[in-house]
Amino acid sequence: MTVKIAPSILSADFSRLGEQVQEAIAAGAEYIHVDIMDGHFVPNLTIGPPIVRALKPLTQAAGVLLDTHLMIEQPERLIPDFAEAGADQITVHVETCPHLHRTIQQIKSLSVRAGVTLNPATPLETLSEILPFVDLVLIMSVNPGFGGQAYIPTMTDKIRRLRDYLNERQLARVEIEVDGGIDVENAAEVVNAGATILVSGSHIFNKYQSVLANIVALRAAASREA
Ligand code: DX5
Ligand code: ZN
(Lines give C-alpha, C1' and ligand atoms only; values in the text may rest on other atoms or scores of the structure.)
(Ligands and ions follow the chains in the order given, each with its own letter.)
Protein backbone atom coordinates (compact mmCIF):
# COMPACT_ATOMS: atom_id res chain seq x y z
CA MET A 1 0.00 0.00 0.00
CA THR A 2 1.41 3.41 -0.88
CA VAL A 3 1.56 5.73 2.06
CA LYS A 4 -0.43 8.95 2.04
CA ILE A 5 1.06 12.26 3.17
CA ALA A 6 -0.91 14.71 5.32
CA PRO A 7 0.92 18.03 5.71
CA SER A 8 -0.07 19.71 8.97
CA ILE A 9 -0.75 23.40 8.43
CA LEU A 10 0.19 24.08 12.06
CA SER A 11 3.71 24.88 10.86
CA ALA A 12 2.61 26.81 7.76
CA ASP A 13 3.03 30.56 7.34
CA PHE A 14 -0.50 31.66 8.31
CA SER A 15 -0.06 35.02 6.58
CA ARG A 16 -0.09 33.12 3.28
CA LEU A 17 -1.97 29.97 4.21
CA GLY A 18 -3.77 29.47 0.90
CA GLU A 19 -0.51 29.65 -1.02
CA GLN A 20 1.17 27.15 1.32
CA VAL A 21 -1.74 24.72 1.02
CA GLN A 22 -1.61 25.05 -2.78
CA GLU A 23 2.10 24.17 -2.68
CA ALA A 24 1.35 21.05 -0.64
CA ILE A 25 -1.45 20.03 -3.00
CA ALA A 26 0.74 20.61 -6.07
CA ALA A 27 3.41 18.41 -4.46
CA GLY A 28 0.92 15.52 -4.32
CA ALA A 29 -0.28 15.59 -0.71
CA GLU A 30 -3.31 13.32 -0.33
CA TYR A 31 -4.64 15.10 2.78
CA ILE A 32 -4.37 18.50 4.41
CA HIS A 33 -4.16 18.04 8.17
CA VAL A 34 -5.77 20.76 10.30
CA ASP A 35 -4.98 20.83 14.03
CA ILE A 36 -7.82 22.20 16.14
CA MET A 37 -6.72 23.08 19.70
CA ASP A 38 -8.85 24.62 22.43
CA GLY A 39 -6.41 25.75 25.13
CA HIS A 40 -8.04 23.26 27.54
CA PHE A 41 -7.45 19.70 26.38
CA VAL A 42 -4.09 20.88 25.05
CA PRO A 43 -2.15 23.96 26.16
CA ASN A 44 -2.43 25.80 22.87
CA LEU A 45 -5.11 27.57 20.87
CA THR A 46 -5.32 27.39 17.09
CA ILE A 47 -8.15 27.66 14.63
CA GLY A 48 -11.79 26.81 14.04
CA PRO A 49 -14.34 26.09 11.33
CA PRO A 50 -13.85 29.36 9.36
CA ILE A 51 -10.35 28.31 8.31
CA VAL A 52 -11.60 24.85 7.30
CA ARG A 53 -14.30 26.56 5.24
CA ALA A 54 -11.75 28.85 3.59
CA LEU A 55 -9.51 25.94 2.60
CA LYS A 56 -12.31 23.72 1.30
CA PRO A 57 -12.44 25.11 -2.28
CA LEU A 58 -8.68 24.50 -2.65
CA THR A 59 -8.76 20.91 -1.44
CA GLN A 60 -12.03 20.02 -3.13
CA ALA A 61 -10.83 21.19 -6.54
CA ALA A 62 -7.81 18.90 -6.21
CA GLY A 63 -9.59 15.87 -4.70
CA VAL A 64 -7.55 16.23 -1.51
CA LEU A 65 -9.16 15.31 1.82
CA LEU A 66 -9.45 17.86 4.64
CA ASP A 67 -8.37 15.99 7.73
CA THR A 68 -9.43 17.71 10.97
CA HIS A 69 -7.76 16.59 14.20
CA LEU A 70 -9.88 17.81 17.11
CA MET A 71 -7.82 18.34 20.25
CA ILE A 72 -10.75 19.85 22.10
CA GLU A 73 -12.92 19.02 25.07
CA GLN A 74 -16.54 18.07 24.35
CA PRO A 75 -15.89 17.72 20.60
CA GLU A 76 -19.53 16.71 20.00
CA ARG A 77 -20.50 20.38 20.42
CA LEU A 78 -18.44 21.46 17.40
CA ILE A 79 -18.49 18.38 15.15
CA PRO A 80 -21.53 19.65 13.17
CA ASP A 81 -19.75 22.97 12.54
CA PHE A 82 -16.62 21.26 11.22
CA ALA A 83 -18.68 18.94 9.01
CA GLU A 84 -20.64 21.88 7.66
CA ALA A 85 -17.39 23.79 7.01
CA GLY A 86 -16.21 20.94 4.77
CA ALA A 87 -14.16 18.51 6.86
CA ASP A 88 -13.82 15.18 5.01
CA GLN A 89 -12.41 13.40 8.04
CA ILE A 90 -12.80 14.17 11.75
CA THR A 91 -10.71 12.51 14.45
CA VAL A 92 -11.51 12.82 18.15
CA HIS A 93 -9.35 11.87 21.13
CA VAL A 94 -10.56 8.94 23.24
CA GLU A 95 -9.42 11.01 26.23
CA THR A 96 -12.12 13.61 25.49
CA CYS A 97 -15.06 11.29 24.75
CA PRO A 98 -16.87 9.49 27.57
CA HIS A 99 -19.49 8.44 25.00
CA LEU A 100 -17.09 7.54 22.22
CA HIS A 101 -19.47 5.30 20.26
CA ARG A 102 -22.08 8.06 20.22
CA THR A 103 -19.50 10.60 19.06
CA ILE A 104 -18.27 8.33 16.25
CA GLN A 105 -21.88 7.74 15.16
CA GLN A 106 -22.44 11.49 15.19
CA ILE A 107 -19.49 12.03 12.81
CA LYS A 108 -20.65 9.24 10.48
CA SER A 109 -24.22 10.55 10.45
CA LEU A 110 -22.82 13.73 8.90
CA SER A 111 -21.23 11.67 6.06
CA VAL A 112 -17.72 12.38 7.29
CA ARG A 113 -14.96 9.78 7.75
CA ALA A 114 -14.55 9.09 11.47
CA GLY A 115 -11.32 8.55 13.33
CA VAL A 116 -10.23 8.03 16.88
CA THR A 117 -6.98 9.34 18.35
CA LEU A 118 -4.76 8.16 21.20
CA ASN A 119 -2.26 10.17 23.20
CA PRO A 120 1.14 8.48 23.57
CA ALA A 121 0.35 7.17 27.09
CA THR A 122 -3.16 5.93 26.27
CA PRO A 123 -3.17 2.16 25.77
CA LEU A 124 -4.40 0.50 22.57
CA GLU A 125 -6.79 -1.54 24.71
CA THR A 126 -9.09 1.51 24.96
CA LEU A 127 -9.90 0.96 21.25
CA SER A 128 -11.10 -2.64 21.37
CA GLU A 129 -14.85 -1.93 21.28
CA ILE A 130 -14.76 1.01 18.86
CA LEU A 131 -12.49 -0.30 16.09
CA PRO A 132 -15.28 -1.89 14.01
CA PHE A 133 -16.95 1.54 13.75
CA VAL A 134 -14.04 3.75 12.68
CA ASP A 135 -12.32 4.53 9.39
CA LEU A 136 -8.97 5.31 10.94
CA VAL A 137 -6.92 5.40 14.12
CA LEU A 138 -4.58 8.33 14.67
CA ILE A 139 -1.60 7.40 16.80
CA MET A 140 -0.03 10.45 18.43
CA SER A 141 3.74 10.02 18.40
CA VAL A 142 4.26 13.23 20.43
CA ASN A 143 2.17 14.74 23.22
CA PRO A 144 -0.39 16.87 21.37
CA GLY A 145 -0.33 20.64 21.46
CA PHE A 146 2.72 21.77 19.50
CA GLY A 147 4.57 21.14 16.28
CA GLY A 148 8.29 20.53 16.11
CA GLN A 149 8.60 17.91 18.87
CA ALA A 150 10.68 14.73 18.63
CA TYR A 151 9.11 11.37 17.70
CA ILE A 152 8.68 9.08 20.73
CA PRO A 153 10.49 5.90 19.62
CA THR A 154 8.30 3.45 21.57
CA MET A 155 5.35 4.48 19.36
CA THR A 156 6.71 2.26 16.57
CA ASP A 157 5.89 -0.84 18.60
CA LYS A 158 2.44 0.58 19.39
CA ILE A 159 1.76 1.03 15.65
CA ARG A 160 2.93 -2.52 14.95
CA ARG A 161 0.71 -3.98 17.68
CA LEU A 162 -2.28 -2.05 16.35
CA ARG A 163 -1.65 -3.23 12.77
CA ASP A 164 -1.39 -6.87 13.95
CA TYR A 165 -4.57 -6.50 15.99
CA LEU A 166 -6.48 -5.00 13.03
CA ASN A 167 -5.29 -7.82 10.77
CA GLU A 168 -6.32 -10.47 13.31
CA ARG A 169 -9.80 -8.96 13.60
CA GLN A 170 -10.40 -8.66 9.82
CA LEU A 171 -10.19 -4.88 10.13
CA ALA A 172 -7.26 -4.34 7.80
CA ARG A 173 -9.29 -1.63 6.04
CA VAL A 174 -8.83 0.68 9.06
CA GLU A 175 -6.13 3.23 8.27
CA ILE A 176 -3.38 4.03 10.76
CA GLU A 177 -2.36 7.68 10.72
CA VAL A 178 0.70 8.73 12.71
CA ASP A 179 1.18 12.30 13.91
CA GLY A 180 4.18 13.98 15.50
CA GLY A 181 7.88 14.18 14.79
CA ILE A 182 7.70 12.37 11.45
CA ASP A 183 10.74 13.06 9.27
CA VAL A 184 12.93 11.41 6.64
CA GLU A 185 14.80 9.52 9.35
CA ASN A 186 11.84 7.66 10.84
CA ALA A 187 9.25 7.60 8.03
CA ALA A 188 10.21 4.13 6.74
CA GLU A 189 10.18 2.64 10.23
CA VAL A 190 6.68 4.03 10.85
CA VAL A 191 5.33 2.79 7.50
CA ASN A 192 6.89 -0.64 7.88
CA ALA A 193 5.22 -0.90 11.29
CA GLY A 194 1.84 -0.43 9.60
CA ALA A 195 1.08 3.28 9.18
CA THR A 196 -0.82 4.24 6.02
CA ILE A 197 -1.01 8.03 6.53
CA LEU A 198 1.89 10.21 7.72
CA VAL A 199 1.20 13.63 9.22
CA SER A 200 4.10 16.04 9.07
CA GLY A 201 4.22 19.72 9.95
CA SER A 202 7.61 21.22 10.76
CA HIS A 203 9.41 18.91 8.34
CA ILE A 204 7.21 20.10 5.46
CA PHE A 205 6.63 23.79 6.19
CA ASN A 206 10.05 25.19 7.09
CA LYS A 207 12.80 27.53 5.99
CA TYR A 208 15.24 24.85 4.87
CA GLN A 209 13.60 23.62 1.67
CA SER A 210 10.47 24.22 -0.37
CA VAL A 211 7.25 22.41 0.51
CA LEU A 212 7.64 20.47 -2.74
CA ALA A 213 11.19 19.33 -1.94
CA ASN A 214 10.18 18.32 1.59
CA ILE A 215 7.19 16.29 0.43
CA VAL A 216 9.20 14.56 -2.32
CA ALA A 217 11.93 13.71 0.22
CA LEU A 218 9.45 12.41 2.80
CA ARG A 219 7.65 10.22 0.25
CA ALA A 220 10.96 8.79 -0.99
CA ALA A 221 12.10 8.11 2.58
CA ALA A 222 8.79 6.49 3.50
CA SER A 223 9.06 3.98 0.65
CA ARG A 224 12.50 2.74 1.73
CA GLU A 225 12.85 -0.50 3.65
CA ALA A 226 13.46 0.29 7.32
C1 DX5 B 1 0.54 18.18 17.38
C2 DX5 B 1 -0.23 18.13 16.10
C3 DX5 B 1 0.56 17.74 14.91
C4 DX5 B 1 1.71 18.65 14.59
C5 DX5 B 1 2.78 17.84 13.97
O6 DX5 B 1 -0.34 18.32 18.45
O7 DX5 B 1 -1.31 17.21 16.19
O8 DX5 B 1 -0.27 17.55 13.77
O9 DX5 B 1 1.39 19.69 13.72
O10 DX5 B 1 3.90 18.63 13.80
P11 DX5 B 1 5.34 18.01 13.59
O12 DX5 B 1 5.31 17.21 12.32
O13 DX5 B 1 6.21 19.20 13.52
O14 DX5 B 1 5.63 17.13 14.78
ZN1 ZN C 1 -2.43 16.68 14.34
Side-chain angles (χ1 to χ4, degrees), residues 1-10 21 24-25 28-37 47-49 51-72 74-97 99-119 124 126-141 144 159 162-163 165-167 169-180 182 190-191 194-201:
M1 196 189 297
T2 46
V3 71
K4 287 156 280 205
I5 309 261
S8 163
I9 63 167
L10 189 61
V21 167
I25 291 172
E30 287 87 355
Y31 292 78
I32 294 296
H33 184 85
V34 185
D35 287 304
I36 314 297
M37 305 186 187
I47 58 176
I51 301 293
V52 173
R53 186 174 293 108
L55 295 178
K56 183 66 177 179
L58 305 183
T59 56
Q60 193 163 32
V64 167
L65 297 184
L66 261 179
D67 172 26
T68 51
H69 174 193
L70 303 192
M71 287 161 275
I72 62 177
Q74 297 182 280
E76 58 284 350
R77 291 183 309 142
L78 285 170
I79 284 167
D81 291 4
F82 283 103
E84 194 269 325
D88 297 296
Q89 178 164 291
I90 295 177
T91 53
V92 291
H93 274 258
V94 297
E95 301 87 358
T96 63
C97 295
H99 304 287
L100 185 57
H101 181 271
R102 180 185 290 156
T103 308
I104 293 296
Q105 294 307 120
Q106 180 192 18
I107 297 170
K108 293 179 90 80
S109 75
L110 296 163
S111 304
V112 174
R113 287 165 53 83
V116 66
T117 309
L118 295 184
N119 278 340
L124 287 178
T126 58
L127 296 178
S128 61
E129 302 304 324
I130 201 67
L131 285 176
F133 303 98
V134 301
D135 297 297
L136 78 149
V137 176
L138 173 53
I139 296 288
M140 287 308 299
S141 44
I159 298 161
L162 175 58
R163 179 48 72 199
Y165 189 74
L166 290 170
N167 288 342
R169 293 186 62 187
Q170 281 76 49
L171 290 169
R173 62 167 182 82
V174 175
E175 304 251 19
I176 301 180
E177 182 173 29
V178 180
D179 186 3
I182 300 294
V190 169
V191 170
T196 54
I197 306 170
L198 298 181
V199 177
S200 177

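Any value given below was found using the heavy atoms of this structure, including those in side chains, with hydrogens, waters and symmetry copies removed.
- Counting heavy atoms of neighbouring residues, nucleotides and ligands inside a 6.0 Å radius, atom CD of Gln60 does not exceed 12 of them.
- The shortest side-chain heavy-atom distance between Ile9 and Ile47 falls under the 4.5 Å cut-off.
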Please evaluate residues Asp67 and His69 with respect to the criterion side chain to side chain donor-acceptor pair (under 3.5 Å), reporting the C-alpha separation (whole Å), side-chain torsions for both, the decisive distance (0.1 Å), and the verdict.
CA-CA 7 Å; Asp67 172 26; His69 174 193; over 6 Å; no

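- Contact annotation: the side chain of Arg169 approaches that of Leu131 to within less than 4.5 Å [non-hydrogen atoms, C-beta and beyond].
- Under a 4.0 Å N-O distance rule, the pair Glu175/Lys4 qualifies as a salt bridge.
- Here Leu58 contributes atom CG and Ile32 contributes atom CD1; the two are 9.0 Å apart, rounded to the nearest 0.5 Å.
- Side chain of Glu30 to backbone of Ile5: a donor-acceptor contact under 3.5 angstrom is found.
- Atoms CG and CZ, from Leu100 and Phe133 in turn, are 10.5 Å apart once rounded to the nearest 0.5 Å.
- Within the 4.5 Å cutoff, no side-chain heavy atoms of Val94 are placed close to those of Ile130.
- A donor-acceptor contact shorter than 3.5 Å links the side chain of Glu95 to the backbone of Asn119.
- Residue Tyr31 holds its OH atom at 11.5 Å from CG of Leu66, rounded to the nearest 0.5 Å.
- Gln106 has its side chain within reach of Pro80: a pair of non-hydrogen atoms, C-beta onward, lies under 4.5 Å apart.
- Ser8 places no side-chain N or O within 3.5 Å of a backbone atom of Asp35 that could act as its donor or acceptor partner.
- Each of Leu127, Leu118, Leu171, Asn167 was scored for a side-chain contact (heavy atoms from CB on, under 4.5 Å) with Leu162, with one residue passing: Leu127.
- Of all heavy-atom pairs between Leu55 and Val21, the closest is CD2-CG2, 3.9 Å.
- Between Ser128 and Tyr165, the closest side-chain pair of non-hydrogen atoms falls below 4.5 Å.
- Across all their heavy atoms, Ala29 and Val64 have their closest contact at O-CG2, 3.4 Å.
- For CZ of Arg173, the number of neighbouring non-hydrogen atoms (other residues, nucleotides, ligands) closer than 6.0 Å is greater than 12.
- Val190 is listed as a side-chain neighbour of Ile159, based on a closest heavy-atom distance under 4.5 Å.
- Residue Ile90 holds its CD1 atom at 11.5 Å from CG of Leu136, rounded to the nearest 0.5 Å.
- Contact detail for Thr91 and Val116: the closest heavy-atom pair is CG2-N, 4.3 Å.
- Of all the heavy atoms in Lys56 and Ala85, the pair that sits closest is CB-O, 4.0 Å.
- Side-chain contact between Lys108 and Asp135: present, with at least one pair of heavy atoms (C-beta onward) separated by less than 4.5 Å.
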Assess whether side chain to side chain contact (heavy atoms under 4.5 Å, CB included) is satisfied between Thr117 and Val92, documenting all intermediate values.
CA-CA 6 Å; Thr117 309; Val92 291; over 6 Å; no

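- Residues Ala83 and Val112 come closest through the heavy atom pair CB-CG2, 3.9 Å.
- If you take OG on Ser111 and CG on Asp88, they are separated by 11.0 Å, rounding to the nearest 0.5 Å.
- A distance-only check finds a donor-acceptor pair linking the side chain of Ser141 to the backbone of Asp179 [under 3.5 Å].
- With hydrogens and angles ignored, the 3.5 Å screen pairs a side-chain donor or acceptor of Thr196 with a backbone N or O of Ile176.
- Using a 4.5 Å cut-off on side-chain heavy atoms (C-beta onward), Val178 and Ile197 make no contact.
- Here the shortest heavy-atom pairing between Leu198 and Val3 reads CG-CG2, 3.7 Å.
- The CE atom of Met71 sits 5.5 Å away from atom NE2 of His93, with the distance rounded to the nearest 0.5 Å.
- Judged by distance alone, with hydrogens and angles left aside, the side-chain atoms of Arg113 form no donor-acceptor pair with the main-chain N or O of Gln89 at under 3.5 Å.
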